[in-house]
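Worksheet: the structure to be examined is printed underneath.
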Amino acid sequence: MVDILTYVEVALINSAPGILYISWCFIERQSIVKKERPVNLDLSTIQFPAAAKASILHRISGVVMLVSLAFLIWAFATSLSGPEGFAQVESIMTSFIAKFIGWGILTALGFHLIIGIRHLIMDMGFWEELDSGRTSATASIVISIIVSVLVGVWLW
Amino acid sequence: MVREAGTFGRSGPHDFILLRASAVVMLLYVLFMVGFFASTADVTYANWTGLFSNLWMKVFTLLALTGVLVHGWIGIWQVLTDYVKASGVRAFIQFVFSVGLIIVWLTGLFVLWGV
């Protein structure tokens, strides 16, 4: 008897949780079929879809900001503790390393905000189709990069 | 028996709404701070403390910090439940981040109190 293999492609292109955006689900009716499965582990030919890139950037930027809170709350508390504290934070922020860290935090903030706004718009039912989802994801990443450059210009 | 461990809210939908509500509050705060830095050519100790001495700014800042607490708590939970499968390790990391977020919130409160 011929094995019946039902091949269902579930393309959860724009769902938020996880990075498993496209999962291939095999429903086997007769017996375990090990042959004829599409195997593609050539990483140079596999690419995340834009929505997956937006999602993972959203997560990374979120965790980066969470860790950076330790520095931010210190700078906040010190700068408001008195004129000496303010001067201390001010002098630290003139160094290249501090500016670079600040630029990194603000870049993470920009990515998280802009991709987050896309999320909120998607909550209202827009950009849920494949094309609009891809376009909005690409656009949010491009805008975030522009914001990151502008932040760099402002800092230096 | 608890079948689903709630995160910050009591349910998934509650977390969903808390995450978005806190996001909107923080978005407004970021836009305000961008406006402050854009409109203030030279940020000095005087106008920096002047800003945070206003009652409305204390409330706005603490509101944003509450947003950080809620959003960070739920956000790290979402990331950890996806990538850290060992529940003991996950609980420990969640504990560290959650306590850290409460420390940040309390520090913000006492700093604002004294400005």
Side-chain angles (χ1 to χ4, degrees), chain A residues 15-20 55-91 93 102 105-106 108-124 147 150-151 153-155, chain B residues 12 16-17 19-24 26-31 33-34 37-38 42-53 57-58 61 64-65 68-69 71-83 93 96-98 100-101 103-115:
Chain A
S15 69
I19 54 165
L20 277 172
S55 173
I56 199 68
L57 282 168
H58 194 72
R59 289 185 165 212
I60 293 168
S61 58
V63 174
V64 165
M65 282 192 294
L66 212 47
V67 173
S68 73
L69 274 177
F71 169 73
L72 291 177
I73 200 70
W74 170 83
F76 177 71
T78 309
S79 68
L80 287 170
S81 65
E84 299 83 17
F86 187 86
Q88 191 190 349
V89 175
E90 212 174 22
S91 69
M93 283 314 291
I105 295 170
L106 289 173
L109 178 65
F111 270 89
H112 202 82
L113 269 186
I114 290 157
I115 298 169
I117 290 168
R118 173 176 175 266
H119 256 304
L120 290 177
I121 293 168
M122 291 182 73
D123 285 343
M124 292 181 255
V147 167
L150 290 176
V151 166
V153 170
W154 174 70
L155 274 174
Chain B
F16 180 96
I17 291 164
L19 200 67
R20 279 140 184 92
S22 56
V24 171
M26 289 187 292
L27 176 63
L28 294 175
Y29 192 79
V30 169
L31 291 176
M33 289 311 287
V34 168
F37 280 107
D42 186 30
V43 180
T44 60
Y45 179 68
N47 57 30
W48 185 242
T49 48
L51 174 68
F52 286 98
S53 64
M57 188 58 186
K58 289 179 201 274
T61 305
L65 278 172
V68 170
L69 173 67
H71 202 90
W73 190 309
I74 298 171
I76 197 69
W77 182 87
Q78 290 187 345
V79 172
L80 289 175
T81 46
D82 273 353
Y83 304 123
I93 301 172
V96 170
F97 274 100
S98 300
L101 281 164
I103 290 170
V104 166
W105 190 89
L106 287 169
T107 308
L109 173 69
F110 293 128
V111 167
L112 287 167
W113 204 293
V115 178

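Below, chains carry the letters A, B, ... as their sequence lines are ordered, and counting in each starts from 1. Note that these values count all heavy atoms, side chains included, but never hydrogens, waters or copies made by symmetry.
Within the 4.5 angstrom heavy-atom criterion, only side-chain atoms of B:T61, from C-beta onward, approach chain A. When heavy atoms are compared at a cutoff of 4.5 Å, B:V68 approaches chain A solely by way of its side chain, counted from C-beta outward. Interface remark: B:T81 contributes no atoms to any contact with chain A (heavy atom separation under 4.5 Å). Neither the backbone nor the side chain of B:I103 comes within contact range of chain A; no heavy atoms are under 4.5 Å apart. Contacts between B:V115 and chain A at a heavy-atom distance below 4.5 Å involve the side chain alone, from C-beta outward. Proximity to chain A is absent for every atom of B:F110, based on heavy atoms less than 4.5 angstrom apart.
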- Given B:L51 and B:N47, is the side-chain contact (heavy atoms from CB on, under 4.5 Å) satisfied, shown in steps? CA-CA 6 Å; B:L51 174 68; B:N47 57 30; over 6 Å; no

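Applying the side-chain hydrogen bond (donor to acceptor under 3.5 Å, both in side chains) rule to pairs touching residues 60-75 of chain A yields A:S61-A:H112, A:W74-A:T78, sequence neighbours excluded. Sequence neighbours left out, the pairs with a member in residues 105-115 of chain B that pass side-chain hydrogen bond (donor to acceptor under 3.5 Å, both in side chains) are B:T66-B:W105.
Considering every non-hydrogen atom in both B:R20 and A:L120, the closest pair reads CG-CD2, 3.4 Å. When every heavy atom of B:Q78 is checked against every heavy atom of B:L19, the shortest pair comes out as NE2-CD2, 4.0 Å. What you find for B:S22 and B:H71 is that their closest heavy atoms are OG-ND1, 3.1 Å.
Across A:L66, A:I73, A:L72, A:L80, the residue that shares the most heavy-atom pairs under 4.5 angstrom with chain B is A:L80. When each of B:L101, B:V24, B:T44 is scored by its heavy-atom pairs under 4.5 Å with chain A, the top score falls to B:T44.
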